[in-house]
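Convention: sequence-line order gives letters A, B, ...; per-chain numbering from 1. For clarity, every value in this text was computed on a predicted model and none was experimentally measured.
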There are 2 protein chains.
Amino acid sequence: MLAAVRSALEELVKEKGSEYVTVPMIAERAGVNPSSIYRRWGDLPTLINEIATYRLDPARPLPDSGDLRQDLLAWAGELVTHYSIPVNAALLRAGAATAGEQESDCLRNRRSEAVMFVERAGAVIGSDEIIDHIVAPVIYRVIFAPWTLTGETAAGLVEQLFSRTP
Amino acid sequence: MLAAVRSALEELVKEKGSEYVTVPMIAERAGVNPSSIYRRWGDLPTLINEIATYRLDPARPLPDSGDLRQDLLAWAGELVTHYSIPVNAALLRAGAATAGEQESDCLRNRRSEAVMFVERAGAVIGSDEIIDHIVAPVIYRVIFAPWTLTGETAAGLVEQLFSRTP
DNA sequence: TTCCTAACGCAAAAGGGTTTGCTTTACGGA
DNA sequence: TCCGTAAAGCAAACCCTTTTGCGTTAGGAA
């Protein structure tokens, strides 16, 4: 059932936007009963939040070429590719609405990945800078200006980050 | 009526989060009839989007000291101050959910302001860089990690932007 | 002042979302 | 195999949201 609900939600969120999706809609598309969804998740925002979280597998292998810049380039490209898929972008937007005072899972993973890169490379660059100047611009574009997200976005951001004076 | 609805929505969005606000709630708090809201805005997402837009007055005077860096610093500080107010942050998050294929008004203004700075200063820096490395990090923090938004955030970002090799 | 129009209040009705009690199914351990 | 438990289906009831028709009010133009 989880799988059916997940893909139903993904489809609907892409088709209509998360504000216009309802529990009965999801239930019908998933071939389950609305009451099953209510019992399991309580309400729609909770459901959306949970589904939006289980994306971009935290256990996937990270780039490890030995060169920080190379790795960041691959990693950023991965990020862009992921959110270029409309479903993922829509879920991110939905997650943004429910984010708030505590860190949302969506991005905790991104932060910890950034920390790992930095530690592995020996702090030539700060993890905050990776978040501010690579992750943030990408996420910002995904949410507010998806059409500015291109194949060159990732490379451009990494290059700018590395062109700063040391 | 617009004013009453606006402040009612702002209060409720701050109290409950935008997902849990309904039209009748807003109507009651604003002292108006729900049907008036429906006739004027059509539905809740539209209302939220419009209210979230009319913030950070587009007609306000922009910093103009003659020095680009100085101006950007003041401008970024304004942005941070604005979104440090919980109501404004909540409205931004709500707006994020409804943003999508066309540019949301929330940030069109920011973009045009950036363009103005660049033109006035004679293109020593690109407007895209201002968006990517100042606006985006701020907005990202507002939405996903509000507690990382401090008094030094704006200054730090501007400094980093200017420390790049020309 | 009078008329016209647009916006709002009011109330009833329609529609859809949510809750709830009960039944049925599926799975795992005696 | 035979329970016992947890999850899901089903259907009815409940409640809130949304729509709609109509009366009222406010503001502007003749």
For nucleotides 23-25 of chain C, tabulate all protein N/O to nucleotide N/O atom pairs closer than 3.5 Å, reporting atom names and distance.
none

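Among residues two or more places apart in sequence or in another chain, the salt bridge (Lys or Arg N to Asp or Glu O under 4.0 Å) test is passed with A:Arg29 by A:Glu11, A:Glu15. Remark: A:Asp43 pairs with no residue by the salt bridge (Lys or Arg N to Asp or Glu O under 4.0 Å) rule, at least two apart or across chains. Remark: B:Arg120 pairs with B:Asp64, B:Asp71 by the salt bridge (Lys or Arg N to Asp or Glu O under 4.0 Å) rule, at least two apart or across chains. In this structure, the side-chain contact (heavy atoms from CB on, under 4.5 Å) partners of B:Ile48, at least two apart in sequence or on a different chain, are B:Leu9, B:Leu44, B:Ala94. The side-chain contact (heavy atoms from CB on, under 4.5 Å) test applied to A:Ala30 returns A:Ala4, A:Val5, A:Ala8, A:Val32, not counting sequence neighbours. With sequence neighbours left out, B:Glu19 forms a salt bridge (Lys or Arg N to Asp or Glu O under 4.0 Å) with no residue at all. Remark: A:Asp128 pairs with A:Arg111 by the side-chain contact (heavy atoms from CB on, under 4.5 Å) rule, at least two apart or across chains. Legend: residues meeting side-chain contact (heavy atoms from CB on, under 4.5 Å) with B:Ala90, ordered by chain and number and at least two apart, are B:Val13.
Sorted by first and then second residue, the salt bridge (Lys or Arg N to Asp or Glu O under 4.0 Å) pairs involving residues 133-156 of chain A (not counting sequence neighbours) are A:Arg141-B:Asp132.
Without hydrogens or angle criteria, B:Arg93 side chain to B:Asn88 main chain gives no donor-acceptor distance under 3.5 Å.
For the segment residues 15-30 of chain B, the set of residues with a heavy atom within less than 4.0 Å of an atom of DNA chain D comprises B:Thr22, B:Val23, B:Pro24, in numerical order.
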Report summary line: 5' to 3', nucleotides 6-12 of chain D under a 4.0 Å protein heavy-atom cut-off (B base, S sugar-phosphate only, - none) gives --SBB--
